[in-house]
Structures are given as structure tokens and as C-alpha cells.
2 protein chains.
Amino acid sequence: MRQKKKSELLTEVELEFMNELWALGEGTVRDVLNQLPEDRNLAYTSAATILRILEQKEFVTSRKEGKRHVFVPALAKDAYQTRSLKDLSVKLFDDTPASLVARLVDDDSLTEEALGQIRALVDRRLKNDTG
Amino acid sequence: MRQKKKSELLTEVELEFMNELWALGEGTVRDVLNQLPEDRNLAYTSAATILRILEQKEFVTSRKEGKRHVFVPALAKDAYQTRSLKDLSVKLFDDTPASLVARLVDDDSLTEEALGQIRALVDRRLKNDTG
DNA sequence: GAGTATCTACGAAAAGTATAGTATTTCAAG
DNA sequence: CTTGAAATACTATACTTTTCGTAGATACTC
């Protein structure tokens, strides 16, 4: 019994587009294209193709509004973040989140402030579970 | 003045191979091939090609030993972990490590134990900095 | 030193991803 | 209506990544 299995991760360009859609909430091809940085010169039809692919892969849905399509994320950014972290963790950290964080907090470029925030997050989660 | 820019991230298969090399310390084409899971049926020449590419991209170096090449990681796993985390953080977490950790600790599948380890790591880092 | 196992070097097919072109449809304005 | 701007659908091209085959080199065995 073979599954499709294609791990459900976004390609580079797909992620670029999903990020804009997540920021916008929803949008047309034109909306997304306008949202891209100045120096990103992408043909309108390329953008349309990417959104069509995202719809095929069921990362977005669309409804028709007049003559155009309005695209809406079908997967929340949160959920995709979790999925990506899981993937990275499996591939590079032996599926051990703690070692991922270990690497993160070892990074010298991490600010004191960020560290404090991180601890607060962990503490809060621990309290909620046990309390 | 155009730079090479190709962000220095490993492709899927390249990462698969680097993981084996990191685990082995070093190895020949045959060594790496043997290290791969049973069901990963890859031709010997494919493995050789991948290692050649990794050498071109300077992720590994090699020395000749008899008629064969012994490949050695040129980049430590730690360093690549840091690089990957940075990349993920930029692409999906607004370059804010704290929000990455937030998502991580929100994951229900995370064990109490892992959470405790994570806090210990953060605490230790904070103490070292301030103390 | 001929035979065979195994290796490397190179090239290129096969598969996947990114970008864009052409043809057609849609809708709104004259 | 008819026309034209802008959208979609479909196809095609270019580039990247993954996989493998062929040819020739290297060394071990008898």
C-alpha cells in the first residue's frame, strides 16, 4: 500500500508565496505579486502558476470573485512552522528538540533579550502543564 | 559585482550523505553506501557522484588511500545545524529565534522531559553570560 | 602479466522546480 | 454589441537535483 508521502513541504518559491498570503490573510495573484519586493521581477503568469500549484497541493483554496480568484491559505502558518521544525529536527537533530534548542542558544549572535524571552516561554509552558 | 550567493545549504540527498559522514567521521563511497538504510537502493556510481558534488561545493574534502578516496566533512555538523536554524528562522519566523522556540514548546508532542532539558540549557547559557 | 573485482571520472538521462509565453475567457465601458 | 484590459488555463522552456551508465584506471590473485 503505497502512500503519496511527498512529505508535504513547500518548495522555496511556494514558501515565498505562502508567506505573503499568510501576511495578507488572502489575496489575488495581483495582490501577492504586489506584495513581493521591488527587485523580485516575476511575470504575472509565473505567479499565477505558482498559486495554481499551491492549490493543487492543497496548501491554499480559492474562490472566484468576479473574474478573478482569491486565494486563501488552507494551512495556518503556525501549523506549517510546526511541520518544518519537526522536519528539521528529524533530519538534523536526531529528532531531539532539546538538541535543536541547544544549538540555538549556543549561537553567539543570540541576544540576551531573546534568551530571556525563550526562558519565559519555556517556564510558562512548564507551569501550565504541572499547575 | 555578482556573488555566488547560492546560500550554502545542502540539498536533500547531500544532507543524507553528510549525516552519514558526520556519523562515521569519514569514509569511502562504499562506507557511506553501506551506512544507508536497507531499502535505500542507490547505485554505487550515484553515491560517488553525490560525494563528488559535495567536494565541489566544499562540504567535504578527500584524500586518496590506495585506489580509493576517503571523504571527510569540511564543515562540522554543529556549524551546519546553526546555519540551517538561521535559514529556517529567517524564512519562517521573521528572524526571531524566540518565536521559533515558542512554536517548538507549543508542540503538544513535546515531552515534559524535553521541556526540562530545554530550560536547563537556556538557564545555563544565561548564567554563563551574566555570571 | 592476464583476469577479475572494484574504483574513479565524466557525461547524460530522468525527475523535480521555477519561470514565462500563447491562447482563450471574462467583464466592464463605450 | 463590440472592444480592450486584465484574468485564467494550458503549454513550454530553462534550470536544478537525483540517478545511473560507460569507459578507463588501479590493484589484487593466481
Side-chain angles (χ1 to χ4, degrees), chain A residues 2 4-21 24 26-72 84 87 91, chain B residues 2-21 26-72 84 87 91:
Chain A
R2 188 143 284 299
K4 62 175 169 174
K5 261 298 112 179
K6 211 36 237 278
S7 86
E8 302 298 1
L9 284 185
L10 295 163
T11 68
E12 191 88 5
V13 189
E14 287 165 2
L15 178 55
E16 183 187 12
F17 272 55
M18 286 304 288
N19 269 326
E20 304 303 351
L21 271 186
L24 288 168
E26 60 174 45
T28 63
V29 174
R30 185 66 62 190
D31 293 335
V32 175
L33 206 46
N34 289 150
Q35 193 82 352
L36 296 175
E38 274 299 328
D39 58 327
R40 179 71 159 102
N41 288 104
L42 194 61
Y44 179 93
T45 53
S46 305
T49 301
I50 294 161
L51 286 167
R52 176 163 52 84
I53 291 170
L54 283 169
E55 187 164 21
Q56 271 169 187
K57 295 191 178 176
E58 302 185 28
F59 283 107
V60 307
T61 58
S62 75
R63 62 172 191 277
K64 210 157 182 193
E65 209 162 84
K67 71 170 164 179
R68 43 200 169 8
H69 289 167
V70 178
F71 296 91
V72 189
S84 296
D87 179 72
K91 283 183 183 152
Chain B
R2 188 142 286 298
Q3 278 285 105
K4 60 175 170 172
K5 262 297 114 180
K6 210 41 237 274
S7 87
E8 304 297 2
L9 285 185
L10 296 164
T11 68
E12 190 90 5
V13 188
E14 286 165 3
L15 177 56
E16 182 186 12
F17 271 56
M18 287 304 287
N19 269 325
E20 304 304 349
L21 272 184
E26 62 175 44
T28 63
V29 174
R30 186 64 64 191
D31 293 335
V32 175
L33 206 46
N34 290 149
Q35 193 81 353
L36 297 175
E38 274 298 327
D39 60 326
R40 179 71 158 105
N41 290 103
L42 194 62
Y44 180 94
T45 53
S46 305
T49 300
I50 293 161
L51 286 167
R52 175 163 52 86
I53 290 171
L54 283 169
E55 187 165 19
Q56 270 169 188
K57 295 191 179 175
E58 301 185 29
F59 283 107
V60 308
T61 57
S62 76
R63 62 173 191 277
K64 207 158 186 195
E65 210 162 84
K67 74 168 161 178
R68 44 199 170 11
H69 289 166
V70 178
F71 296 91
V72 189
S84 296
D87 177 73
K91 282 184 182 152

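So you know, we letter chains A, B, ... as the sequences are listed, proteins then strands, and number each from 1.
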Separation of D:dT18 C1' from B:Glu14 CD (nearest whole Å): 10 Å
Rounded interatomic separation in angstrom, taking CD from A:Glu65 and C1' from C:dC27: 14 Å
Side chains of A:Phe71 and A:Thr28 in contact at under 4.5 Å (non-hydrogen atoms): no
Heavy-atom protein contacts under 4.0 Å, nucleotides 25-30 of chain D, coded B base, S sugar-phosphate only, - none: -BS---
Strand-adjacent residues in residues 39-57 of chain B, judged by heavy atoms under 4.0 Å from DNA chain C: B:Tyr44, B:Thr45, B:Thr49, B:Arg52
Separation of C:dA20 P from A:Leu33 CG (nearest whole Å): 10 Å
Please tabulate, for side-chain N and O atoms in residues 38-45 of chain B, each donor-acceptor pair with protein atoms closer than 3.5 Å (sequence neighbours left out).
from    : atom 1 : to      : atom 2 : distance (Å)
B:Arg40 : NE     : B:Glu16 : OE1    : 3.4
B:Arg40 : NE     : B:Glu16 : OE2    : 2.8
B:Arg40 : NH2    : B:Glu16 : OE1    : 2.9

Nearest-nucleotide comparison on DNA chain C, the residue closer to the 5′ end among A:Val13 and B:Phe71: B:Phe71
Set of residues satisfying side-chain contact (heavy atoms from CB on, under 4.5 Å) with respect to A:Glu12, sequence neighbours excluded: B:Lys91
Whole angstrom value for the distance that separates C1' of D:dA5 from CZ of A:Arg30: 10 Å
Sugar-phosphate only, base, or nothing, as touched by A:Glu12 at under 4.0 Å among non-hydrogen atoms: sugar-phosphate
Identified pairing partner of D:dG4, criterion: Watson-Crick or G-U wobble below 3.5 Å: C:dC27
Closest heavy-atom pair and its distance - A:Gly27, A:Leu21: N-CD2, 3.7 Å
Rounded distance [0.5 Å steps], CG in A:Leu54 versus CZ in A:Phe17: 8.0 Å
Of the listed nucleotides C:dA18, C:dT6, C:dT8, the one nearest the side chain of B:His69: C:dT8
Pairing residues for A:Ser84 by the side-chain contact (heavy atoms from CB on, under 4.5 Å) criterion, not counting sequence neighbours: A:Leu9, A:Tyr80, B:Leu88, B:Leu92
Distance below 4.0 Å between B:Arg68 side-chain N/O and C:dT8 OP1 or OP2: no
Which pairs of donor and acceptor atoms, one on a side chain in residues 59-70 of chain B, lie under 3.5 Å apart (sequence neighbours left out)?
from    : atom 1 : to      : atom 2 : distance (Å)
B:Ser62 : OG     : B:Glu55 : OE1    : 3.4
B:Ser62 : OG     : B:Glu55 : OE2    : 2.8
B:Arg63 : NE     : B:Glu65 : OE2    : 3.1
B:Arg63 : NH1    : B:Glu26 : OE1    : 3.2
B:Arg63 : NH2    : B:Glu26 : OE2    : 2.8
B:Arg63 : NH2    : B:Glu65 : OE2    : 3.1
B:Arg68 : NH1    : B:Glu65 : O      : 3.4

Worked verdict on B:Val29 versus B:Val32 for side chain to side chain contact (heavy atoms under 4.5 Å, CB included): CA-CA 5 Å; B:Val29 174; B:Val32 175; over 6 Å; no
Base paired to D:dT26 (Watson-Crick or G-U; both N/O distances under 3.5 angstrom): none
Conformer about C1'-N of C:dA5 - syn within 90° of 0, anti elsewhere: syn
Under 3.5 Å: donor-acceptor pair, side chain of B:Glu14, backbone of B:Thr11: yes
